[in-house]
Structure formats: structure tokens, C-alpha cells
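Structure record follows, encoded as C-alpha cells.
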Amino acid sequence: MADAVVVGAGPNGLAGAIALARAGRRVSVLEGQATIGGGCRSAELTLPGFVHDTCSTVHALAIASPFLSTLPLATHGFEPVHPEAPLAHPFDDGTAVMLERSVDATARGLGADADAYRRLFGPLVHAAPTLFGDLLAPLRPPRHPLLMSRFGLDALRSASGLARSRFEEPRARALLAGCSAHSLLSLRAPVSAAFGMVLMLTAHAVGWPVARGGSQHLADALAGHLASLGGTVETGRVVESLDELGSAAPVLLDVTPKQLLALAGTRLPDRYRRALTRYRYGPGVFKLDWALDGPIPWTAPEAARAGTVHLGGTLEELVAAEQEVTDGRHAERPFVLLVQASSFDDTRAPPGKHSVWAYCHVPHGSTRDMTAAIEAQVERFAPGFRELIAARSAMDSAEVERRNPNCVGGDITGGLQDLRQLFTRPVARRVPYSTPLPGVFLCSSSTPPGGGVHGMSGYWAARAALRA
Ligand SMILES: Cc1cc2nc3c(=O)[nH]c(=O)nc-3n(C[C@H](O)[C@H](O)[C@H](O)COP(=O)(O)OP(=O)(O)OC[C@H]3O[C@@H](n4cnc5c(N)ncnc54)[C@H](O)[C@@H]3O)c2cc1C
């Protein structure tokens with residue numbers, strides 16, 4: 001009975017389905033995996049009683065999202081839990097620089113760079129909701145051009161260039177570099193600074209919470225809200241061809257270009273098909289989840305106050321490590337992103353125990369085991385960590401893709417987010433969500449605004465479909 005179909009129950013597929021259902025469509029979501037959520041799922045990957053987020057865990061973008069933030073997700077079981085501080089970035093001297101909720105508190109930890117930090121982020125934080133509206137959208141004339149140009153002049157730069165020009169000391173430089181490394185770009189690449197700036201802005205404006213009980217609760221809340229609007233989700237249903245979907249319209253595809261090529265076969269015109277073939281995927285990730293017998297014994301005690309911990313040392317070290325990955329090599333001392341969610345959400349592990357999530361970047365499609373390299377980085381800033389490991393789960397890039405076909409080669413952002421592909425993903429078109437096939441739209445993170453659990457690709461794709 002559905003008159004609209006969404007393929008894929010990731011955050012974008014579910015957000016798109018909700019937007020269609022709110023417009024009165026009878027929506028059916030078809031998900032290939034046994035569970036919904038795509039990059040927003042949880043599982044007992046190690047031992048009974050330990051909840052691990054298989055992909056995303058920090059939901060700053062969900063809170064900042066102009067669409068998801070309007071939905072009654074709390075009613076359906078999504079509860080953001082905020083750590084005391086969003087982020088710690090430890091150094092070899094036994095201290096850590098902290099990204100705190102307030103700009104001032106952060107600046108106070110930055111010595112000579114305190115004022116420079118206030119100047120960079122202070123004015124932007126006050127206008128953050130407005131800025132998020134422009135940034136989490138397809139390329140269009142900005143609604144607030146002055147604000148966007150203030151942001152854009154810095155954001156279009158490389159993280160390394162911005163850090164060196166704005167800050168004098170290693171602490172502030174490393175803080176910006178670590179946040180910018182979430183881009184999966186070389187930190188010498190233009191626009192890599194944008195990712196760091198946006199994430200730091202979200203830390204100040206909305207915080208970096210995890211979902212109580214695991215990210216699955218966020219996906220389930222989206223599905224719960226969809227159900228309240230009359231939509232349905234079918235799991236275990238891999239769609240292999242658009243022909244399976246009959247005459248339902250619109251069709252929203254929460255898939256990447258590689259899968260669109262397979263789903264649509266020869267129905268796509270040559271020119272569009274060739275453009276999709278040229279779409280570039282980025283580096284992959286190697287992910288570890290640990291069940292620990294106690295909290296991580298950080299040398300810098302303040303690191304225990306943070307939800308996320310960035311491990312890799314100085315700006316120079318981070319630039320070198322991320323460059324190795326960009327050049328197709330494995331970093332000997334990789335930059336590690338770690339989240340100690342159970343320190344703030346006691347539902348994730350048995351009393352006294354901890355469930356911790358971490359990953360590093362690796363070349364596209366890598367199958368190298370990075371366990372020792374990642375654990376050495378944790379041990380570097382928390383001697384004694386290894387003795388606490390009760391169990392671990394490891395996923396190389398191939399395994400990440402096996403669990404979610406959208407993570408092509410282990411790429412977690414739906415395709416490279418460099419200057420050429422950030423705004424024109426997947427193909428340069430006036431409406432990037434549309435395809436040459438009438439009624440068929442792409443809604444995954446391979447469309448603007450790109451990676452992250454914000455649901456905005458789904459929202460904008462649904463808007464485009466409803467207009468069409
Ligand atoms: C290890 C890791 C850590 C991350 N950390 C964070 C984080 O902390 N914060 C954050 O905001 N983001 C994070 N991300 C990124 C985030 O998970 C993704 O950007 C987001 O999930 C993209 O949403 P999506 O809906 O576009 O695609 P996905 O979440 O990938 O969902 C796509 C869905 O479509 C289904 N599908 C695909 N093809 C078919 C088909 N043919 N038939 C049926 N179903 C199909 C898939 O099974 C999947 O469920 C992380 C990702 C990973 C992998």
C-alpha cells in the first residue's frame with residue numbers, strides 16, 4: 001500500500017521517510033541488515049552486558065540538526081547524555097588540553113592563545129543555530145552571507161594553515177588539528193579546517209553527547225516516530241534492483257553511488273553513469289571496541305572528565321599521521337579517536353566495568369590489523385591501560401563495509417569530502433539529490449551536507465522529492 005519507498009534505514013533514510021510521512025505519504029522503508037540504523041547501531045560486541053556502538057557514538061550533529069532537533073525523539077527513547085567536557089587531547093608531558101562546553105573555559109586552558117581562541121569562536125558560537133542552518137544544507141546562496149563569509153574565510157583553509165596562523169602554542173594548535181582530522185582529509189588540504197571548526201562550534205553550542213543505552217536508541221527513536229506517522233520498516237530486505245520497487249514514487253535511496261550504479265543498471269543515462277563512476281571514496285577506518293575492567297588510567301587526570309579523547313600528540317604528529325593515510329600508507333603512530341561513553345552512561349557496562357570505542361584512519365579498503373598501533377597510542381597517555389582489557393572486538397575496513405555496504409572500503413563519510421566533492425556530491429547538479437530517473441532520489445551522506453548523524457541529507461532529499 002506504500003506510495004513512497006525508502007531503501008536503507010540509516011539516519012538519513014529514516015529522516016527522509018519521516019519528512020515524507022509528515023507530508024502525508026504512506027512510507028515503507030526497506031533495510032538490508034537485520035537491524036535498523038546503519039551507522040547508528042549498537043551491539044554486545046565483546047561480553048554480555050557491554051553495549052558498544054558499532055559506528056557513530058557522539059551525537060553533536062543530531063542535536064545541532066535543524067531537522068532532527070525538531071522531532072519528538074525523547075518521547076521515543078532517545079536521551080542525550082553529556083560528559084562533563086566534550087573533549088580532552090593529552091600530551092606526552094602528562095597534561096591535556098580540554099575542549100569545554102564554554103568558549104571562555106576552553107580559552108582559559110590555552111595560555112597565550114586564549115584571546116585568539118575567543119576571537120575565532122566567540123562570535124560564531126553566538127550565531128551557531130543560524131550557521132548550522134546554512135552549513136547543513138546543499139550549496140545555495142547563504143541565508144546569512146556576512147556570517148557565512150566570516151566562517152568561510154577561516155574554514156576554507158587547511159587545518160594546519162589555520163592552526164599555525166591563528167595560534168602560537170602547541171596546545172591550541174593540536175586541539176584544532178585533532179577536531180579537523182575527523183574530515184578524513186590531509187590536514188594540509190583546503191577545507192579540512194571547516195570540519196574542526198564545525199565540531200568545535202557544536203561542542204560549545206550543543207555539546208557532544210552520547211545516547212543513553214547506545215546509539216541504537218537514536219535510530220529506534222527515529223523509527224518509533226516514523227511508526228507514529230504511519231510509516232513502516234522492513235528489515236532483512238536487501239534491494240538489488242530498482243525494478244523490485246514497482247511503481248512506488250518517490251523512491252529515496254540511502255545508498256552511495258557505487259550501489260546506485262548496481263541498483264539502476266542500464267536505466268541510468270551514460271553521462272550520469274560515467275559521473276557516478278568517477279565519484280571518489282576516501283580512506284577507511286580500523287575500529288576497536290573494548291570491555292575494560294576499570295576506567296582508563298589517564299596520566300592527565302582531566303582526561304577522565306571528557307567523553308571523547310584525541311590521541312596523537314602535537315599538530316606536527318597529527319599532520320604527519322593523517323598525511324600517511326592520504327598517501328595510501330598506514331601510520332606507525334596513528335591518530336586515534338576514542339570515546340569513553342560508559343564513564344557518563346552507566347547503562348553501557350556492568351558496575352565498575354567500562355565499554356570504550358576507538359578508531360584510527362587507514363588507507364581505503366585496508367585489511368591491516370591496527371590493534372597494536374591503536375593500543376600503543378592509548379598506553380602512551382594511559383600506562384596500565386592494556387592490563388584492563390577483558391575483551392576486544394576489532395573491525396578492519398573490509399569488515400566495516402561488510403556490516404554496512406555504504407561504508408565503501410571502510411569510508412565512513414559516504415565519499416571523500418574534499419573541496420571538489422563536498423558541495424557537489426555525488427554529481428554536480430542543480431538538485432544533487434535528484435537523479436535522471438523520474439521519482440528516484442539519493443538521500444545518503446553521499447549527498448550534501450555529507451557524513452554524520454544529522455539526517456539532513458534525508459530531509460533535503462525528501463523536500464526535493466515532494467517538490468518534484
Ligand atoms: C566507525 C564509525 C564511527 C562514526 N562516528 C560518528 C560519530 O561519532 N558521530 C557522527 O555523527 N557520525 C559518525 N559516523 C558517521 C555516521 O555513522 C554516518 O555518516 C551516517 O550513519 C550516515 O547515515 P546514512 O543514513 O547516510 O547511511 P548509513 O547510516 O550508512 O545507512 C545506510 C543504510 O542503508 C542500508 N542499505 C544500503 N544499501 C541497501 C540496499 N541495497 N538494500 C537495503 N538496504 C540497504 C544499509 O544496510 C544501512 O543500514 C561514524 C561512522 C562509522 C562507521
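Counting convention: from 1, in listed order, for ligands and their atoms alike. Not measured: the values here are computed from a predicted model.
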Regarding [X] and [Y], is there a side-chain donor-to-acceptor distance under 3.5 Å anywhere?
X    : Y    : result
Y459 : S65  : no
H364 : S397 : no
S186 : E322 : no
Q259 : N406 : yes
S102 : H204 : no
R429 : S434 : yes
Q340 : W298 : yes

Under 4.0 Å from a heavy atom of [X]: which atoms of ligand 1 are those, numbered in the order shown and with their elements?
X    : result
G451 : 19 (O)
S444 : 26 (O)
G32  : 43 (C), 44 (N)
W357 : 3 (C), 5 (N)
Q259 : 37 (C), 38 (N)
K287 : 1 (C)
L30  : 43 (C), 44 (N)
P405 : 37 (C), 38 (N), 47 (O)

Examine [X] against ligand 1 and note whether any of their N/O atoms are separated by less than 3.5 Å.
X    : value
T57  : yes
V453 : yes
V285 : no
G39  : yes
C40  : no
V239 : yes

For the CZ atom on R267, are there more than 12 heavy atoms of other groups (residues, nucleotides or ligands in this structure) within a distance under 6.0 Å?
yes
Please confirm whether G414 comes under 4.0 Å of ligand 1, counting heavy atoms of the residue only.
no
Under 4.0 angstrom from ligand 1, any heavy atom of S457?
no
T35 and R41: CA distance, side-chain angles, deciding distance, side chain to side chain donor-acceptor pair (under 3.5 Å) verdict:
CA-CA 8 Å; T35 53; R41 284 183 286 170; 3.2 Å; yes
Suppose we screen for side chain to side chain donor-acceptor pair (under 3.5 Å). Which residues come up paired with Q421, at least two apart in sequence or across chains?
none
To which of [options] does the heavy atom nearest [atom] belong?
atom                    : options              : answer
atom 48 (C) of ligand 1 : E31, R237, Q33, E234 : E31
atom 27 (O) of ligand 1 : V58, D254, N12       : D254
atom 14 (N) of ligand 1 : S65, S56, G458       : S56
atom 23 (O) of ligand 1 : P11, G10, C407, G8   : P11

Per-residue contact class, [X] against ligand 1 - non-hydrogen pairs under 4.0 Å:
X    : answer
T413 : neither
I412 : both
H59  : neither
W208 : neither

Check whether E44 reaches the backbone of G49 with its side chain - one donor and one acceptor, N or O, closer than 3.5 Å.
yes
Any side-chain heavy atom of [X] sitting closer than 4.5 Å to one from [Y]?
X    : Y    : result
M197 : F151 : yes
R305 : M98  : yes
H361 : L337 : yes
V453 : L61  : no

Please find the pair of heavy atoms, one from S215 and one from D53, that lie closest to each other, and give the distance.
N-OD1, 2.8 Å
Nearest protein heavy atom with distance in Å, relative to [atom]:
atom                    : answer
atom 32 (C) of ligand 1 : N406 ND2, 3.3 Å
atom 30 (O) of ligand 1 : N404 ND2, 2.7 Å
atom 19 (O) of ligand 1 : G452 N, 2.7 Å

